[in-house]
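Below is one structure; the comments refer to it alone.
Naming convention: chains lettered A, B, ... in sequence-line order (proteins, then strands); numbering from 1 in each chain.
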Number of protein chains: 2
Amino acid sequence: MDEQATIQGEEHGRLIYDVFARNCPSRETWGHLTGRWGTLALLALGEGSYRFNALRRKVDGVSEKMLAQTLQALERDGMIHREAQHTIPPRVEYSLTPLGREAARRLLGLIEWLEEEMPRVVEARGRYDQAKNDA
Amino acid sequence: MDEQATIQGEEHGRLIYDVFARNCPSRETWGHLTGRWGTLALLALGEGSYRFNALRRKVDGVSEKMLAQTLQALERDGMIHREAQHTIPPRVEYSLTPLGREAARRLLGLIEWLEEEMPRVVEARGRYDQAKNDA
DNA sequence: CGGGATCCTTTAGGATACTG
DNA sequence: CAGTATCCTAAAGGATCCCG
């Protein structure tokens with residue numbers, strides 16, 4: 001082996017990505033958190049609670065259908081709290097649960113790191129494309 | 001507003017998720033990192049370097065096509081290093097770059113957190129489904 | 001206003017066969 | 001062995017209409 005420490009996560013003696021690969025419930029939730037609209041919805045709600053259409057305006061580009069679907073999935077996972085008033089017209093407020101708040105915090109951490117590193121990524125892309133052209 | 005601190009990320013004075021929403025390069029890389037196979041490939045390579053087919057066996061369930069596609073995207077983003085020996089038969093080793101190693105570490109952190117919280121998620125799902133049935 | 005239902009398009013992903 | 005190319009299916013996603 002090499003001296004460089006390997007990056008491993010253990011969970012009950014098994015490598016976590018093995019657990020993660022097959023174990024469906026966490027895979028599904030992972031998809032909800034990191035999916036195209038899930039992350040955006042969580043980050044938006046990290047700012048405060050919003051009603052459906054306000055949220056839709058914040059998560060720019062999302063369709064009604066996808067926003068509803070995304071919110072339902074995250075509500076079911078316990079990340080989002082949904083408060084409905086049965087009035088006409090209806091009024092529904094979405095907010096983060098403590099669990100969702102923690103998820104949003106961690107996702108934001110990853111995204112901020114990525115944003116910081118983007119110059120490196122862009123540079124790597126340039127080198128990669130250059131090498132392709134030379135071939 | 002509420003007393004609870006909001007979760008915000010700032011970058012040049014703009015909310016980071018606004019930047020993130022439109023700014024394509026980081027969105028694309030985010031997809032590569034969090035996509036179905038990207039995360040798995042990064043975590044597998046966190047253990048050490050692997051050749052194509054060995055990696056394919058580790059990232060169980062991935063097709064040749066998707067693994068090739070995933071590795072190329074991450075190589076282009078500077079996350080993965082590809083070392084080819086032009087022999088017959090060919091021999092290609094994949095490993096993480098320092099950037100990729102950091103990405104893998106952070107992704108693993110998020111996944112480990114999620115695994116820890118899964119009981120809470122499962123419980124929330126139970127409550128959600130129960131409430132649906134009552135309606 | 002907050003969705004559900006429906007229909008349609010686009011993309012992700014897989015199986016297979018082939019090549020250096 | 002490490003891919004590429006081709007073809008196909010399944011799933012994500014979007015537009016529209018409708019209702020309480």
Legend entry - Closest-nucleotide 5' rank along DNA chain D - winner of A:G61 and A:P90: A:G61
Inset, instruction - Check the distance between C:dG3's C1' and A:E93's CD and give it to me in whole angstrom. - result: 16 Å
Inset, instruction - Following the transitive rule for hydrophobic clusters with a side-chain heavy-atom cut-off under 4.5 Å over Ile, Leu, Val, Met, Phe, Trp and Tyr, establish whether B:Y128 and A:Y94 coincide in one cluster. - result: no
Legend entry - Euclidean distance, atom CG of residue B:L40 to atom C1' of C:dA12 [Å, nearest integer]: 16 Å
Legend entry - In one Ile/Leu/Val/Met/Phe/Trp/Tyr side-chain cluster, 4.5 Å: B:M79, A:M118: yes
Inset, instruction - Nearest whole angstrom, please: distance from the P of C:dT10 to the NZ of A:K65. - result: 14 Å
Legend entry - Heavy-atom side-chain contact between B:E102 and B:R106 under 4.5 Å: yes
Legend entry - Contact under 4.0 Å: A:R91 side-chain N or O vs C:dG2 OP1/OP2: no
Inset, instruction - Would you check if there is a donor-acceptor pair between the side chains of A:R125 and B:T29 at a distance under 3.5 Å? - result: yes
Legend entry - Outermost nucleotides of DNA chain D that come under 4.0 Å of a non-hydrogen atom of chain A: D:dG13 to D:dG20
Legend entry - Distance in angstrom units between B:W37 CH2 and C:dT11 C1', rounded: 16 Å
Inset, instruction - Would you mind reading off the distance between B:M66 atom CE and C:dA12 atom C1', rounded to a whole angstrom? - result: 6 Å
Legend entry - Spacing between B:D60 atom CG and C:dG14 atom C1', to the nearest angstrom: 15 Å
Inset, instruction - Could you state the atom-to-atom distance from CG of A:N53 to P of C:dC1 in whole Å? - result: 6 Å
Inset, instruction - Quick one: label B:R56 by what it contacts on the DNA or RNA (base, sugar-phosphate, nothing), any heavy atom closer than 4.0 Å. - result: nothing
Inset, instruction - Could you tell me the separation between the CZ atom of A:R36 and the OG1 atom of B:T34, rounded to the nearest 0.5 Å? - result: 12.5 Å
Inset, instruction - Take the protein atom CD of B:Q69 and the nucleotide atom C1' of C:dG13, then report the distance between them rounded to whole Å. - result: 8 Å
Inset, instruction - With heavy atoms under 4.0 Å as the rule, sort A:Q72 into base, sugar-phosphate or nothing. - result: sugar-phosphate
Inset, instruction - Decide side-chain contact (heavy atoms from CB on, under 4.5 Å) for B:Q69 and B:Q72; before the verdict, give the C-alpha distance in whole Å, the side-chain angles of both, and the deciding distance to 0.1 Å. - result: CA-CA 5 Å; B:Q69 216 171 87; B:Q72 280 168 25; 5.7 Å; no
Inset, instruction - Inspect the contact between B:E123 and B:R120 and indicate whether a charged nitrogen and a carboxylate oxygen are less than 4.0 angstrom apart. - result: no
Inset, instruction - Specify the residue among A:R36 and B:A54 whose closest nucleotide of DNA chain D lies further upstream toward the 5′ end. - result: B:A54
